[in-house]
S.K.: 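I'd like to ask you about the structure that follows.
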2 protein chains.
Amino acid sequence: LIFSNKHTEKLNWTREAAIAAENVASTSCSGHGRAYLDGLITENGRPICECNACYTGPDCSVIVPNCAVDADSGNPMFLEPFWKQNAGSSSIMVAGWHRMGYEFEDGSLISKQLENVIHKLHETVGNANTSNKYILFGSGSTQLLNAAVYALSHTTYSSSSSTKVVASAPYYPVYKSQTELLDSKKYKFSGHTSSWRNKTRNDKFIEFVTCPNNPDGRLNKAVLHGKFTRHIYDLAYYWPHYTPIPAPMDEDLMLFTLSKLTGHAGSRFGWAIVKDKAVYDKMVEYVDLNTYGVPRETQLRALKLLNVVVRGDKKEMFRFAHTVMRSRWEKLTEILSTSKRFSMEQLPSQHCAFSKQVRPPSPAFAWLKCEADEDKDCFNVLRAANIIGRKGAVFGVENRYVRLSIVNSRDDFDLLQQRLQDLVSKDRSIVQAVTSL
Amino acid sequence: LIFSNKHTEKLNWTREAAIAAENVASTSCSGHGRAYLDGLITENGRPICECNACYTGPDCSVIVPNCAVDADSGNPMFLEPFWKQNAGSSSIMVAGWHRMGYEFEDGSLISKQLENVIHKLHETVGNANTSNKYILFGSGSTQLLNAAVYALSHTTYSSSSSTKVVASAPYYPVYKSQTELLDSKKYKFSGHTSSWRNKTRNDKFIEFVTCPNNPDGRLNKAVLHGKFTRHIYDLAYYWPHYTPIPAPMDEDLMLFTLSKLTGHAGSRFGWAIVKDKAVYDKMVEYVDLNTYGVPRETQLRALKLLNVVVRGDKKEMFRFAHTVMRSRWEKLTEILSTSKRFSMEQLPSQHCAFSKQVRPPSPAFAWLKCEADEDKDCFNVLRAANIIGRKGAVFGVENRYVRLSIVNSRDDFDLLQQRLQDLVSKDRSIVQAVTSL
């Protein structure tokens, strides 16, 4: 390998990959799509655009008529423009021989540099106290949810052998489906916290506390407080994008994910902050046996991205993210303010220690309720208006509720906004027509 | 993003990352180490070398005296020089905005291009028949082992509800530890196949068949054949590096991993080839709920690496890998041929359909046996000679056996060779001394 001086224009072994990446990136997709290095190519080798939903054509310039807008997935594509604007500082060149071995030099599966920048990140944002706590990585917080259930059910000692796993409805559905997946003798999903309040006695409980809550954006607190109750704080959305940050969390087991922080959901990178050594050790054991750690290229990329997040005044990405989310929430609020048929969650303005000001809400999801008696199936009411949400039943509550994702691409949001506007206007005309009879 | 023509020297947003990568790569570590992009740096910003075991100093030029050689881990670093030689064609530039979303355009978690190159790879090598079969990806074959157990235990119907999971000793220890991890009601690790031969009747069995076997290199075949017996073929080592390939495997459920093919163990990328749709669907369900797929940057990297493997005459990497492994095996065989105290597995020469010739063995591990009555603890016999192996008990057999890894870096192998030579020579001198009394 020939040394490449910082001041020379010549690149050696990185040249081919750099040119390939720039060529793909230069593919024009009309602002409604993008081409990727591993995407399909045309017969003569040109990259094919992957269009946003409801756009089509070779350059994504054609709108699909009467297309149903996808507000189902919480795909955080609203952050993509930030990374396109910061392409120079956020890209990585991964050599073919980069970290081929199973372990890092210290024998661990965790990049020390990445661990350091995560400490710095939380200190900068002030959303979690990481001092004197252990950090481990997972394949998204997805993997860490079950790792935490495994660890807590093996490190909490009471006369009962099985642990009840619970959450407050409406709750993120993976808590239930993942806990039930392997039908363990050690733990069992046991429904809503509300059924167990003041009934915890000698039983072992693990309570998922989601703050802000997915789907309704509330800053949930723990409900159960028995002697053998342990809590998993899922803080995926506890970032200034989605909520004012009143104070740093300082809980025994906290989970975060890159997906909702930088928008890199496809990278499957999450981390746990754990106070107790025994719990941490059990979580490490789980991740070791389950997947033997997080890919080295993912850790390298997370390091690069987080270094962009914490550089300079350390607020650039947060300004971008909050501005988008706040503006989207304001638009939805305005549209629905004139509706009697639909309502959304009401969230308070609060002091945010990160921005040092009182901030209005800016949640990731609209938690819509159909107020009319006959609209018991709110999902279908919206579906008829070409809006795909996620049914209340998925979150453990009635189907009068629907979650609408507002973290998707701008195209998705614009279409959602338009469809909701049409729906509300139509209802209003009907109400006015009826009233004027 | 400004278009960068293939013929101009100017790079735009990829420049910073390319220069950073070339600078790190140019760090001199005396051929006994390397510096990485995410490694530690000195106070004045210079990358710090990460040295091979038993080497130290700022540029890895100092040998650590009396250092114990690590032949424990099956870390496939012997392939690193190949990727350094092919740095230009095997590196990737990952843009900050590369595939941020949860899913690919078709809604799956799997790169179609990568799936295609995997089909092509198996066709080229002739080690597995993939036609009319499904392919899914996992975080190493590690994740897929348990995904397969989950899927087979849920899709095999008999009067018994629990499935017995078994393997032929000596076996890869993760089969046991992973099956036992979550204490499922659906399946239970139930020991060696030898205990169940002709006793399968109406019970449900899942048998791991490892071919070639880890640790002893044998081309294992299925032992149990009950009506409700299913097999998981772990083919991690079924590549021309490690064994002659007599014919393509054509089993219902086959697992492979990038770790042992290209040496990228740190990338945690494996794949399953599955015949039955119901089994495939259950495996997909497992991976979805467990980690929600394999990181996009890992898939992009695997695509790039495999494209190097299948390009040109499609044999370049295999030639390199086989040459190294065969030479190492010959050296070990020669050293141990003069020893009465130690023996190694005897493997036959066989016709290899890939190389179209009869090939001698070239396994990934030496499966050493201490032959002397008093050497019941073979691990400690070797440990006293500064060689760290892996005890037989880990593989479900007596400690008279020890696995020695020979896939590590050249430094590791050279030191292992020297230590074994010393040990065998010493024994011979003692024997000669005793004989001459």
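Worth saying up front: this structure is predicted, and the values here are computed from it rather than measured. All heavy atoms count here, side chains included; hydrogens, waters and symmetry mates do not. To find a chain, count down the sequence lines: A is the first, B the second, and so on, and within it residues start at 1.
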S.K.: Knowing that exactly one of A:V94, A:L37, A:L300 qualifies, which makes a side-chain contact (heavy atoms from CB on, under 4.5 Å) with B:V94?
M.R.: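 Result: among A:V94, A:L37, A:L300, A:V94 is the only option passing the side-chain contact (heavy atoms from CB on, under 4.5 Å) with B:V94.
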
S.K.: Would the distance check show the side chain of B:H98 and the main-chain N or O of A:S91 forming a donor-acceptor pair, the cut-off being under 3.5 Å?
M.R.: no

S.K.: Would you kindly say whether A:E16 and B:S89 are connected by a side-chain donor-acceptor distance under 3.5 Å?
M.R.: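 Absent: no donor and acceptor within the cut-off.
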
S.K.: Does any backbone or side-chain atom of B:N146 lie under 4.5 Å from a heavy atom of chain A? Answer side chain, backbone, both or neither.
M.R.: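 B:N146 touches chain A through side-chain heavy atoms alone.
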
S.K.: In terms of heavy-atom pairs under 4.5 Å, which option from A:K304, A:Q178, A:Q85 contacts chain B the most?
M.R.: A:Q178

S.K.: Say you draw a straight line from NZ of A:K186 to CG of B:L181; how long is it, rounded to the nearest 0.5 Å?
M.R.: 11.0 Å

S.K.: With chain B, which of A:G39, A:S73, A:G140 has the greatest number of heavy-atom pairs at distances under 4.5 Å?
M.R.: A:G39

S.K.: For B:L305, which atoms come within 4.5 Å of any heavy atom of chain A: side chain, backbone, both, or neither?
M.R.: side chain

S.K.: Donor-acceptor check, side chain of A:R301 to backbone of B:A95, threshold 3.5 angstrom: yes or no?
M.R.: yes

S.K.: Hey, is NZ on A:K112 packed in by over 12 heavy atoms from elsewhere, all under 6.0 Å?
M.R.: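 Atom NZ in A:K112 is not packed in, count stays at 12 or less.
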
S.K.: Which region of B:L79, side chain (C-beta onward) or backbone (N, CA, C, O), has a non-hydrogen atom less than 4.5 Å from a non-hydrogen atom of chain A, or is it both or neither?
M.R.: both

S.K.: Measuring heavy-atom distances to chain B, does A:L182 have an atom under 4.5 Å in its side chain, in its backbone, in both, or in neither?
M.R.: both

S.K.: Please determine, among A:W83, A:Y286, A:Y292, A:Y102, the option with the most heavy-atom pairs under 4.5 Å with chain B.
M.R.: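 Most heavy-atom pairs within the cutoff with chain B belong to A:Y102.
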
S.K.: For A:K176, does the NZ atom sit with more than 12 other heavy atoms under 6.0 Å from it, leaving out its own atoms?
M.R.: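 12 or below, so no.
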
S.K.: Which bit of B:A302 comes within less than 4.5 Å of chain A, counting heavy atoms only: side chain, backbone, both or neither?
M.R.: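 Neither the backbone nor the side chain of B:A302 comes within 4.5 Å of chain A.
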
S.K.: Is any side-chain heavy atom of B:M93 closer than 4.5 Å to one of A:T14?
M.R.: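 Side chain of A:T14 against side chain of B:M93, heavy atoms only: no contact under 4.5 Å found.
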
S.K.: If you tally heavy-atom pairs under 4.5 Å against chain B, which of A:A21, A:S267, A:G270 wins?
M.R.: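 Winner by heavy-atom pair count: A:S267.
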
S.K.: Non-hydrogen atoms of chain B under 4.5 Å away: do they reach the side chain of A:F269, the backbone, both or neither?
M.R.: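 Contact with chain B involves no heavy atom of A:F269 at all.
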
S.K.: Nearest 0.5 Å, please: how far is CD1 in B:I48 from CD in A:E105?
M.R.: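 It is 9.0 Å, given to the nearest 0.5 Å.
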
S.K.: Report yes if some heavy atom in the side chain of B:N290 is under 4.5 Å from a heavy atom in the side chain of A:T142; otherwise report no.
M.R.: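 SC-SC contact between B:N290 and A:T142 ruled out.
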
S.K.: Have a look at A:D38 and tell me which of B:Q299, B:Q113, B:R99, B:R296 forms a side chain to side chain donor-acceptor pair (under 3.5 Å) with it.
M.R.: B:R99

S.K.: Would you mind checking which part of B:L40 comes under 4.5 Å of any heavy atom in chain A, side chain (CB onward), backbone (N, CA, C, O), both or neither?
M.R.: both

S.K.: Please classify the contact of A:T262 with chain B as side chain, backbone, both or neither, using a heavy-atom distance under 4.5 Å.
M.R.: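 When you check distances to chain B, only backbone atoms of A:T262 fall under 4.5 Å.
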
S.K.: Give, as side chain, backbone, both or neither, the part of B:Y150 having an atom under 4.5 angstrom from any heavy atom of chain A.
M.R.: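 Side chain only.
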
S.K.: Please answer whether the main-chain N or O of B:N12 pairs with a side-chain N or O of A:E22 as donor and acceptor at a distance below 3.5 Å.
M.R.: yes

S.K.: Give, as side chain, backbone, both or neither, the part of B:F82 having an atom under 4.5 angstrom from any heavy atom of chain A.
M.R.: neither

S.K.: Spell out, as yes or no, whether a donor-acceptor pair under 3.5 Å connects the side chain of A:T291 to the backbone of B:Q143.
M.R.: no

S.K.: Main chain of A:M100, side chain of B:E80: is a donor-acceptor contact present, judged purely on distance under 3.5 Å?
M.R.: no

